[in-house]
Enquirer: 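Below you will find the structure I want to go over with you.
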Amino acid sequence: MTSKPLAIETDVLVIGSGAAGMYAAIEASRGGVRVFLVDRSLIGRGGATVMAQMTVAAALGEEVPDAPRYHYDDTIAAGRGLCDEDLAQLLCEDAPACIRELDAWGVGWARRDNHITATTAPGHDRARCVYVDFINTGPAVSKTLRTVMARNKDIRKAGDICIIDLVADSNGEIAGAVGWHVGSGAPVTIAAKATVLATGGLTRLYRRNSASLNMGGDGYALALRAGASLIDMEFVQFFPIGHLAPRLVGMDPIMWDPFRYKLGGRLLNGRREEFTSRYGSDEDGKYVLPRDLATYAIFKEVEAGRGSPHGGAYLSFEHCSTAALRGAFGPVIDRLAANAIDLTRMPVEVAPIAHYHMGGVIADPQMQTELPGLFVAGEVVGGANGANRLSGNAITEALVFGRRAGRSAAAHAKTMARKDLRAADARAALELAGDGRLLNTASMIARLQAIMADEVGPFRTAAKLNRALAEIAALADELDERPPRSVGASDAGFDLQRLEWFDLRNMLIVARAVAQSALARTESRGAHQREDFSQMLPAWRRHQRVRLAEGALRLSGPPAEAMVS
Amino acid sequence: MSTVATLKIRRGSDGEPARWETFEVPFEPGQSVLDGLRWLRINKDPTLAMRFSCINANACKECMIQLDGETVYACTARLEPREMTLTPLPNKTLIRDLVTEIAPPSERFK
């Protein structure tokens with residue numbers, strides 16, 4: 001057993017400080033309660049939001065007439081029949097208010113003629129996607145929310161907190177969490193009347209991804225172990241044109257998306273031929289191809305031996321003038337030049353990269369999960385985007401679901417008496433703060449990322465998925481029952497191996513949930529493509545749920561005929 | 001031309017005497033210092049403490065260290081086929097190895 005934990009008590013605990021967590025914290029505080037906001041990374045610096053260089057979808061209707069119902073129609077169409085309609089409706093209806101509130105807080109949405117200007121992202125029927133120049137949307141949103149929080153004394157914040165597990169009280173209500181402070185190694189208990197999970201997605205499970213380091217699916221794992229159900233875990237979105245080559249530092253690998261919004265660009269195979277028409281969509285210099293189809297088209301060209309030298313496709317802006325490039329992207333052109341990239345003279349290579357997770361924790365439109373006292377926000381929420389997320393909906397859902405979760409959590413907290421974490425309820429998680437044997441956790445994470453990329457990518461077969469499940473199980477066996485401590489007890493600060501052990505504990509159970517769900521879904525739909533079941537089947541227009549029961553992940557929801565095997 | 005980069009790293013926690021450790025990591029043109037450090041942790045010494053989050057985007061600003069006495073982001077400083085001296089930020093409280101306390105006071109656990 002380790003040292004006596006530091007005990008914290010609050011009304012609302014928010015775990016994760018991307019846009020969803022920060023908006024939840026702000027909104028809960030406006031509801032008149034005390035908030036404690038924690039992050040495994042630094043506040044407002046990790047997560048997906050700060051990485052989002054792209055656009056935010058909202059039916060503002062400032063430049064062209066628009067209404068939430070049109071945004072909803074596009075969201076549902078992109079979701080390939082699998083969107084949770086109530087969540088999708090909330091997403092579209094609340095989006096304009098959140099965008100306008102951020103505008104009032106000074107985020108700096110790009111403007112033209114005194115209107116917030118919008119671009120047309122693939123899958124939208126009109127210009128609906130707002131942004132901050134130059135490719136600065138995510139950092140601007142993060143900074144704005146951090147600044148709003150800084151003015152609010154009722155929001156207490158702490159970075160470098162790794163949450164081990166949620167804790168339920170004797171009534172089965174979530175009563176807070178147990179974690180440890182990475183900076184000192186000290187265990188921490190946090191008693192809370194309501195808890196919001198806002199830890200983002202799972203893209204760190206993959207070798208090539210567009211994620212921050214703290215996106216190993218922590219929220220999914222915490223929810224599963226607390227007894228909540230996840231849905232749609234097989235639907236991992238790959239962003240089709242992630243940067244591949246030449247080596248480019250200091251830029252997000254999804255940076256070519258805004259280039260395509262503004263400048264079009266041409267997607268070419270290794271022979272410099274346009275190829276998307278072979279896969280049912282002619283681009284004609286415009287950026288209209290949905291993400292799942294583009295990913296499919298690039299993979300198939302590579303498979304047919306027509307890939308670019310590094311195994312992707314070429315993206316060319318060689319038809320654009322220097323003036324046009326500089327007008328659209330200003331200082332970004334200098335950053336490219338520092339990487340020896342001149343877009344007027346050379347194409348870049350792009351390839352699909354793990355980007356976003358459609359699946360997640362089951363919640364109602366109040367962001368209430370199946371567990372009393374537990375709320376979710378942002379990418380942790382499952383179902384709103386179905387089998388394929390529409391471009392621009394990720395930051396939107398972070399804002400909308402974050403705001404709603406904060407409001408619901410505050411309302412719930414106000415009905416509750418003070419919570420205390422009883423030693424008995426917190427014991428299991430605290431015991432995990434003990435010490436096990438040393439492991440090379442960094443190489444284990446790299447191995448897991450290779451397994452997921454090679455066997456559980458966008459194109460799947462039963463053989464690949466079974467191989468992945470066996471390899472994930474082998475890694476889980478290798479992981480000791482206790483985290484390593486690579487340094488002496490008097491010297492416990494920033495033990496990265498210890499942190500990675502907790503990351504792996506979450507990543508492995510989430511990897512299992514993805515692979516098992518993918519194995520059971522014997523059809524192809526949206527981001528889930530089975531090479532051995534290539535058709536989209538009406539009987540599969542349904543969600544699969546995953547629960548943890550006695551150490552095993554139990555799936556429910558497959559249609560009766562698919563269960564026979 | 002050398003095909004390795006030699007990283008000379010100041011190790012140790014606050015209050016303990018510093019020790020210097022030198023590692024050779026494979027070098028490819030275009031790589032960042034962070035690439036070298038991540039390779040080192042996976043392949044040679046996972047006990048090395050460093051702070052980073054966004055890996056390549058220069059969005060999180062968490063990987064600030066000193067390279068040959070100059071403050072840099074490890075994700076944008078280029079790895080070079082020579083000896084490179086890496087030290088924690090001198091004006092921040094040291095936690096361990098290359099990690100310092102860089103969060104504003106209101107965003108720290110206390």
Side-chain angles (χ1 to χ4, degrees), chain A residues 6 17 38-39 41-47 50-51 53 138-139 142 146 149-150 156-161 181-184 186 188 209-214 243 246-255 335 338-340 438-443 445-446 486-487 491 493-497 500, chain B residues 11-16 28-64 72-79 88 93-110:
Chain A
L6 302 163
S17 68
V38 300
D39 200 293
S41 180
L42 299 176
I43 296 295
R45 312 267 284 266
V50 77
M51 305 277 286
Q53 297 185 337
S142 278
R146 263 175 94 194
M149 287 199 305
R156 182 177 171 188
K157 295 153 289 185
D160 287 336
I161 299 284
H181 176 227
V182 179
S184 65
V188 183
N209 65 63
S210 60
S212 290
L213 202 61
N214 60 350
H243 185 80
R247 185 62 214 267
L248 170 59
V249 302
M251 301 292 294
D252 185 334
I254 55 174
M255 63 172 290
R335 280 151 75 187
N339 281 280
L438 284 182
L439 293 166
N440 188 339
T441 47
S443 80
I445 288 172
S486 63
V487 292
D491 181 26
F494 226 93
D495 186 340
L496 207 43
Q497 268 176 294
E500 284 168 335
Chain B
R11 306 280 309 259
S13 296
D14 192 25
E16 71 180 28
E28 278 176 42
Q31 281 189 308
S32 66
V33 170
L34 184 61
D35 291 335
L37 288 169
R38 291 173 62 218
W39 185 91
L40 194 166
R41 285 200 70 254
I42 291 170
N43 295 286
K44 289 200 169 165
D45 187 358
T47 70
L48 176 71
M50 54 201 255
R51 195 192 272 286
F52 68 108
S53 178
C54 77
I55 301 173
N56 194 64
N58 196 222
C60 71
K61 316 288 184 187
E62 291 195 11
C63 65
M64 265 192 293
V72 297
Y73 296 111
C75 74
T76 53
R78 298 284 180 175
L79 199 63
T93 304
L94 178 65
I95 300 177
R96 169 187 311 284
D97 298 344
L98 297 174
V99 178
T100 51
E101 181 54 87
I102 56 170
S106 69
E107 294 175 352
R108 292 178 199 167
F109 182 66
K110 55 189 178 297

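We name chains A, B, ... by the order of the sequence lines, and we start the count at 1 in each one.
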Enquirer: Let me know if B/E28 has heavy atoms under 4.5 Å from chain A in its side chain, its backbone, both or neither.
Expert: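 Neither; nothing under 4.5 Å.
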Enquirer: Do you know which two heavy atoms are closest between B/F52 and A/L213, and how far apart they sit?
Expert: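 Nearest pair, atom of B/F52 first, then A/L213: O-CD2, 3.3 Å.
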Enquirer: By a 4.5 Å heavy-atom criterion (distance strictly below it), what part of A/A211 contacts chain B: side chain, backbone, both, or neither?
Expert: backbone
Enquirer: Would you mind checking which part of B/R78 comes under 4.5 Å of any heavy atom in chain A, side chain (CB onward), backbone (N, CA, C, O), both or neither?
Expert: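 Side chain of B/R78 only, per the 4.5 Å heavy-atom cut-off to chain A.
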Enquirer: Tell me, for A/D39 versus chain B, whether the close heavy atoms (under 4.5 Å) come from the side chain, the backbone, both or neither.
Expert: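 Contact with chain B involves no heavy atom of A/D39 at all.
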Enquirer: What pairs with B/Y73 under ring pair (Phe, Tyr, Trp, His ring centres under 6.0 Å), at least two apart in sequence or on another chain?
Expert: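 Residues passing ring pair (Phe, Tyr, Trp, His ring centres under 6.0 Å) with B/Y73: none at all.
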Enquirer: Using a cut-off of under 4.5 Å for heavy-atom pairs, which of B/T76, B/T47, B/D97 has the most such pairs with chain A?
Expert: B/T47
Enquirer: At their closest point, which heavy atom of B/R41 faces which heavy atom of A/E500, and how far apart are they?
Expert: NH1-OE2, 2.6 Å
Enquirer: Please round to the nearest 0.5 Å and tell me the distance separating atom CZ of A/F494 and atom CG of B/L98.
Expert: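 Reported value, rounded in 0.5 Å steps: 10.5 Å.
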Enquirer: Between B/N56 and A/L248, which heavy-atom pair has the shortest distance, and what is it?
Expert: ND2-O, 3.0 Å
Enquirer: I'd like to know which of A/S17, A/A150, A/S212 tops the heavy-atom pair count under 4.5 Å against chain B.
Expert: A/S212
Enquirer: Hey, what do you get for CZ (A/R146) to OG (B/S106), rounding to the nearest 0.5 Å?
Expert: 8.0 Å
Enquirer: Please name the pair of heavy atoms, one in A/S443 and one in B/I42, separated by the smallest distance, quoted to 0.1 Å.
Expert: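 Of all heavy-atom pairs spanning A/S443 and B/I42, the closest is CB-O, 3.6 Å.
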Enquirer: Tell me which of these, A/T441, A/L42, A/I254, has more heavy-atom pairs under 4.5 Å with chain B than the rest.
Expert: A/L42
Enquirer: So which part of B/C75 gets closer than 4.5 Å to some heavy atom of chain A, the side chain, the backbone, both or neither?
Expert: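 Answer is backbone: N, CA, C or O of B/C75 sit under 4.5 Å from chain A.
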Enquirer: If you count heavy-atom pairs within less than 4.5 Å of chain B, which of A/G250, A/A158, A/G159 leads?
Expert: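 Highest number of heavy-atom pairs under 4.5 Å: A/G250.
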Enquirer: Restricting to non-hydrogen atoms, name the atom on B/R96 and the atom on A/D495 that form the minimum distance, rounded to 0.1 Å.
Expert: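 The pair with the smallest heavy-atom distance is NE-N, 4.5 Å.
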Enquirer: Can you say whether A/V38 sits under 4.5 Å from chain B via the side chain, the backbone, both, or neither, judging by heavy atoms?
Expert: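 Neither part.
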Enquirer: Using 0.5 Å steps for rounding, measure from the NE2 atom of A/H181 to the NZ atom of B/K110.
Expert: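 Those atoms lie 10.0 Å apart.
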Enquirer: Any pair with a residue in residues 46-64 of chain B that passes salt bridge (Lys or Arg N to Asp or Glu O under 4.0 Å), sequence neighbours left out, goes on the list, sorted by first then second residue, please.
Expert: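 Found A/D160-B/R51.
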Enquirer: Before giving the answer on salt bridge (charged side-chain N to carboxylate O under 4.0 Å, His left out), spell out for A/R45 and B/E107 the whole-Å C-alpha distance, their side-chain angles and the decisive distance to 0.1 Å.
Expert: CA-CA 11 Å; A/R45 312 267 284 266; B/E107 294 175 352; 5.3 Å; no
Enquirer: Please classify the contact of B/L48 with chain A as side chain, backbone, both or neither, using a heavy-atom distance under 4.5 Å.
Expert: backbone
Enquirer: Determine the option with the most heavy-atom pairs under 4.5 angstrom with chain A, choosing from B/G15, B/P46, B/G30.
Expert: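 Top count of heavy-atom pairs under 4.5 Å with chain A: B/P46.
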Enquirer: Given heavy-atom pairs under 4.5 angstrom as the criterion, report whether the side chain, backbone, both or neither of A/I43 touches chain B.
Expert: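 Both backbone and side chain.
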Enquirer: Measuring heavy-atom distances to chain B, does A/A338 have an atom under 4.5 Å in its side chain, in its backbone, in both, or in neither?
Expert: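 Looking at A/A338, just its backbone touches chain B.
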Enquirer: Please classify the contact between B/D35 and chain A as side chain, backbone, both or neither, with a heavy-atom cut-off of under 4.5 Å.
Expert: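 Contact with chain A is through the side chain of B/D35 alone.
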